[in-house]
Number of protein chains: 2
Amino acid sequence: MKRIALYHLETLTWIARLGTFQAAAERLHTTQPAISARVREVEDQLGIALFRREGRRMVLTARGRLLIDSCEPLWTGLEQALLDISDFAGASGMIRIGSGEIAAASCLPAFIQAVERDMPGVSMEVELDLTARMLQLLLTGARDLVFLAGPVASPNIRTQPIGALHLAWVAGRAVAQAGGFARPLPVWSLPDPSPIHGAMRDALAQQGVAARSINSCNNVRTLVEIVANGGGAAVLPETMVRGEIASGRLVEILPRPDRMLHFEAAIRAREQEPLVLELFRRTAGLQIDPG
Amino acid sequence: MKRIALYHLETLTWIARLGTFQAAAERLHTTQPAISARVREVEDQLGIALFRREGRRMVLTARGRLLIDSCEPLWTGLEQALLDISDFAGASGMIRIGSGEIAAASCLPAFIQAVERDMPGVSMEVELDLTARMLQLLLTGARDLVFLAGPVASPNIRTQPIGALHLAWVAGRAVAQAGGFARPLPVWSLPDPSPIHGAMRDALAQQGVAARSINSCNNVRTLVEIVANGGGAAVLPETMVRGEIASGRLVEILPRPDRMLHFEAAIRAREQEPLVLELFRRTAGLQIDPG
DNA sequence: TATTTATGATAAGAGATGATTATGAAACGG
DNA sequence: CCGTTTCATAATCATCTCTTATCATAAATA
């Protein structure tokens, strides 16, 4: 029995949470036979059955449920203690990070570098998508930690501000030389639920300029290219277009909006895993330079 | 880090308690290189040093001490939970049992059989010695659970009654036919600190008989042989000499003393190990037949 | 009902892990 | 200076654990 390790308990917990061996295998980045074997190991060590076949699924027996319930807090505490004393240098596992594209450009590289430096055993799986979809993935458990722009408020999500960026109105050189917003211009931004979209509408209203049309593209780099090639104007984080402005491909055509783009890190409000909680805590140290 | 198992924590704990890898190896019934390897495994998994060389010993680093202190209660709790849900069927390890010789004859076989039936993973190391020495071994940690005769009271020891046996005055057939205690007889018993010795003195006083001499032998079976061969009289548990009485080798030469021989199980008052505590709890069910 | 899909079990082979024995190096004690 | 104690290291072996591939069964679907 002494051979039961932390990963055995972790495995049982994820089977209980997800309902199938297969799902637990995917969550733990291993194979289904490995999960079966781990369960069998624990059952053999304890001499009792933890799961019972039911249809094509496995369900916890009464004792299995008892084991999960009584061990989970102890396991979590033990893992926490082990991680604490090693300053998380001993952390291992896969953390699934989600990010909006703008947040990715601003926050992700520094964060990933810090994790790789301080927690060599942790691997990361990064997925970029729109903020709205990111939150969905976070709530369903497909992501553990997401970075996103704009304020998010939900009772099921815990957020933390990690900095803000100045915005700038930019257009291609030709458009700028033609007078910029002297005449209504096509305006490009990310699709509607995006915070950049909201910032763009606010800026239009605040600065009293007219858009000839509102267009969207779900990829910021492509959006920059469209604007740089004369497609119109866009509101973008200044740091993301600083290079293009310096090189003259893009020109700032209006004063910078007062409103800044605020970034946040988010996790599930009910998150228990020490590693995720610690990484969330560490996002506070990112300190984005507003540009 | 997820590969850290219960036996890793157990190993660290015993090193901390005993001070050397070698001692921990002996306590855990393995070899010293195995202990070194376990320590190295934990250190590698956590990425920190737990021990520092000091002379020819290894001492805990600050973090090592922190780890032991913070993990030990969690580890104990986890082990307890795992054992509880399996009704201790998953228990494993070595339990060191001590016993006085009389207690061994009365209690040990049933107890050992019960442990082997209910906890197939547990192995036992039994040592017989005098009661006084047994208590010493218990307090120094050389034994985990001892069976002994006679009431024992010590703040450092926790005891539990497990039954009592009637005593009988016996002598060899020849001595009995010569009148028994009509004349003072040589009396044989265990050495002085033994409870049988006390019972013998009480019985002498209570029944108003005189001993020609008080002799002792530290081995009950030998003592029986001495008495059976005409060496004198002895006070012994009736069940231990029932066979000899039936066969006529020994004869009861006085009424049975009122005082019975009480047996107790004992563990250290500060005992923490779930397995030892459980075995101690189960000694209550031994129910010695008083004969 | 027949077919497809989902879920686990099982087997074989490779690699990692952990234990043992034997031996070496360093510190301590006389 | 020599013997003892303590831990490290190396070689070897057994066991454990993972992966891949395949099979069996149950549920869903056509």
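Just so it is clear: chains get the letters A, B, ... in the order the sequence lines come, proteins before strands, and each one is counted from 1.
- Scanning for side chain to side chain donor-acceptor pair (under 3.5 Å) contacts around E264(A) gives an empty result, with sequence neighbours left out.
- Within 4.0 Å of A34(A), counting heavy atoms only, lies at least one base atom of the nucleic acid.
- Each end of the helix from dT1(C)-dA30(D) to dG30(C)-dC1(D) gets its own axis, taken as the rotation carrying the C1' atoms of four end pairs onto the next four within a five-pair window, and the two axes meet at 30° to the nearest 10 degrees.
- Residues satisfying the salt bridge (Lys or Arg N to Asp or Glu O under 4.0 Å) test with R57(A), not counting sequence neighbours, are none.
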Using a 3.5 Å cut-off and no angle test, enumerate the donor-acceptor pairs between side-chain atoms of residues 109-116 of chain B and protein atoms at least two apart in sequence or in another chain.
none

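- Along DNA chain C, the stretch of nucleotides lying under 4.0 Å from any heavy atom of chain A spans, 5' to 3', dT5(C) to dG18(C).
- Both E54(A) and T31(A) lie close to DNA chain D; mapped to their nearest nucleotides by heavy-atom distance, the more 5′-ward contact belongs to T31(A).
- Counting only heavy atoms from C-beta outward, the side chains of F88(B) and D118(B) never approach each other to under 4.5 Å.
- In this view, A149(B) and P195(B), L261(B), F263(B) satisfy the side-chain contact (heavy atoms from CB on, under 4.5 Å) rule, not counting sequence neighbours.
- Residues passing the side chain to side chain donor-acceptor pair (under 3.5 Å) test with D87(A), sequence neighbours excluded: R63(B).
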Using a cut-off of 4.0 Å between protein heavy atoms and nucleotide atoms, how would you tag nucleotides 5-16 of chain D 5' to 3' with B, S and -? BSBBB-------

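- Evaluation of the side chain to side chain donor-acceptor pair (under 3.5 Å) rule for D192(A) yields no partner, not counting sequence neighbours.
- For residues 27-52 of chain B, every residue pair satisfying the salt bridge (Lys or Arg N to Asp or Glu O under 4.0 Å) rule, not counting sequence neighbours, is listed here: R27(B)-D144(B), R52(B)-E54(B).
- Within the structure, ring pair (Phe, Tyr, Trp, His ring centres under 6.0 Å) pairs that include any residue of residues 18-65 of chain A comprise F21(A)-F51(A) (at least two apart or interchain).
- In this view, Q136(A) satisfies the side chain to side chain donor-acceptor pair (under 3.5 Å) rule with no residue, not counting sequence neighbours.
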